[in-house]
Amino acid sequence: MSHAAPRIRYTAGLQEAVVELLLRRRAEAGDAALYEPYRRAADRIYVQHVRPEDRRQAFRLLSARFFEILGGGRPVTDAAGALPPQVDEIIVSRAWSRTEEGADLGRDRRTVGVRLRPARFEAPADLTRFLRHEFGHIVDVLDETFGYGEGLPDPAGAGRPVGEQFRFLWDCSVDGRAVRAGNSPWRTRAEYEEAGVQIFAWMPAPAARAIVTRLWDGDRPTYPMLLRLASDRAALAAFAGVAVEEGDPPPPAGGRCPLCRFPTYEWATTIEEAVAARIRTDFPDWHPRLKACARCVEGYAVSLQGVLSGS
């Protein structure tokens, strides 16, 4: 049974930026069919409205009209169909960087806030895929059986490795379900497999790919399960179908260090307990079994010596 589509509102700043960008791109490509009418309308606003507030309102209305003419709202409308019926409003505002982009559920659990860079609107199909992915997280959060939160710590505050692994696992589950629903995922299975080999560099590559397969093809994990998999190495290994033993070999050359996240070809062969304790002050969830690159370990050793010497 269908349900009423949520109301979608855009901030004036986002609409103005998107319209200016899309019109400029069309003009640069030799298509000024819409650019010229927009410029003429803008010129009339300057003539007809003396009061700044009246002029601003007229420009907001002009941008909103051309935003619709350019199809700016179509990707959001297309993706909004994935949201559950309790969401009755989507507010779309401007993001200034990639790290600001995304969708969040409001405290009323009926409003979704979306932040997007204007450049996203240059590729409508990609924007639709991105929004469906973001809204997939909202769907999970609103489903009581997912168990979002449940008094457990926020992965974002649990340290960089745990937070990164949690996001990877949840993202993979969301995109796998999108494919099974007949939609295009934000990232492909192959992209997740490649990233998983890097993120879980401490385990054999086939095991890292097995994690992707289980998340992609299997039932949706709950929030507590995702958090456990991200923070408990033994649980993740069992999920992947491999055993965890002391004295595991170092990650493969080119794997990412769990501390600095850079690819490394030189892993530390030994990590003294005092240095490991110093590392855990910055990465509480880290364990020496996770390994670290020689450069990071050396840096923490030097830092420890500075603390001990009082410098």
Side-chain angles (χ1 to χ4, degrees), residues 133 136-137 139-140 143 145-148 150 152-156 158-259 261-265 267-269 271 276 280 283-293:
H133 175 82
H137 290 282
V139 171
D140 285 348
D143 186 344
T145 63
F146 181 65
Y148 182 75
E150 289 197 351
L152 297 172
D154 181 357
R160 184 166 58 183
V162 169
E164 180 183 31
Q165 291 167 21
F166 180 90
R167 287 190 297 274
F168 174 86
L169 297 170
W170 194 2
D171 283 348
C172 183
S173 172
V174 167
D175 277 339
R177 283 177 277 144
V179 170
R180 297 202 299 275
N183 296 317
S184 297
W186 176 235
R187 295 184 178 87
T188 65
R189 182 201 293 255
E191 289 174 324
Y192 278 105
E193 289 179 345
E194 182 180 356
V197 170
Q198 297 296 321
I199 291 174
F200 307 117
W202 54 271
M203 64 168 53
R209 297 189 187 99
I211 293 171
V212 172
T213 296
R214 286 203 60 182
L215 291 169
W216 196 269
D217 297 329
D219 295 334
R220 180 192 66 183
T222 63
Y223 177 92
M225 180 179 178
L226 286 170
L227 185 56
R228 184 183 178 197
L229 292 176
S231 57
D232 186 332
R233 185 187 184 201
L236 184 65
F239 185 76
V242 298
V244 178
E245 300 178 358
E246 293 292 342
D248 286 338
R256 291 186 182 274
C257 169
L259 306 181
R261 301 307 303 155
F262 285 107
T264 182
Y265 292 86
W267 296 92
T269 55
I271 304 176
R280 280 193 292 268
F283 300 92
D285 55 288
W286 178 84
H287 188 280
R289 289 197 307 269
L290 297 177
K291 312 299 184 182
C293 71

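Positions are given from 1 along the sequence. The analysis underlying the following values was restricted to heavy atoms, covering all of them including side chains, and did not include hydrogens, waters or symmetry mates.
- No side-chain heavy atom of Tyr192 sits under 4.5 Å from any side-chain heavy atom of Leu215.
- Applying the side-chain hydrogen bond (donor to acceptor under 3.5 Å, both in side chains) criterion to Thr213, with sequence neighbours excluded, gives no partner residue.
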Exercise for the section: Show the numbers, then the answer: is there a side-chain contact (heavy atoms from CB on, under 4.5 Å) between Leu226 and Phe146? Expected result: CA-CA 10 Å; Leu226 286 170; Phe146 181 65; 4.0 Å; yes

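- For the pair Phe168/Val212, a side-chain contact is recorded, criterion being any heavy-atom separation below 4.5 Å from C-beta on.
- Across all non-hydrogen atoms, the minimal contact from Thr264 to Cys293 is OG1-CB, 3.5 Å.
- At least one donor-acceptor pair under 3.5 Å links the side chain of Arg177 to the backbone N or O of Ser173.
- Evaluation of the side chain to side chain contact (heavy atoms under 4.5 Å, CB included) rule for Pro263 yields Arg256 as partners, not counting sequence neighbours.
- Two residues are said to be in side-chain contact when any heavy atoms from C-beta on lie closer than 4.5 Å; Trp186 and Asp171 fail this criterion.
- Between Pro288 and Arg280 there is a side-chain heavy-atom pair separated by less than 4.5 Å.
- The two residues Cys257 and Ala292 have their closest heavy-atom pair at SG-CA, 4.0 Å.
- The shortest heavy-atom contact between Gly147 and Pro224 is O-CD, 3.8 Å.
- Contact detail for Trp267 and Pro258: the closest heavy-atom pair is CZ3-CD, 4.0 Å.
- The side-chain heavy atoms of Leu227 and Phe166, taken from C-beta on, include a pair separated by under 4.5 Å.
- Rounding to the nearest 0.5 Å places CD of Gln198 at 13.0 Å from CZ of Phe262.
- Checked against side-chain hydrogen bond (donor to acceptor under 3.5 Å, both in side chains), Arg180 has no partners two or more places apart in sequence or in another chain.
- The shortest distance between side-chain heavy atoms of Ile211 and Leu169 falls below 4.5 Å.
- Distance check: Trp170 CH2 to Arg220 CZ gives 9.5 Å after rounding to the nearest 0.5 Å.
- Evaluation of the salt bridge (charged side-chain N to carboxylate O under 4.0 Å, His left out) test over residues 187-207, restricted to residues two or more places apart or in two chains, returns Arg189-Asp217.
- Taking each heavy atom of Ala230 and Gln165 in turn, the nearest pair found is O-OE1, 2.8 Å.
- Under the side-chain hydrogen bond (donor to acceptor under 3.5 Å, both in side chains) criterion, Asn183 pairs with no residue at all, not counting sequence neighbours.
- For Arg228, the side-chain hydrogen bond (donor to acceptor under 3.5 Å, both in side chains) criterion is met by no residue, not counting sequence neighbours.
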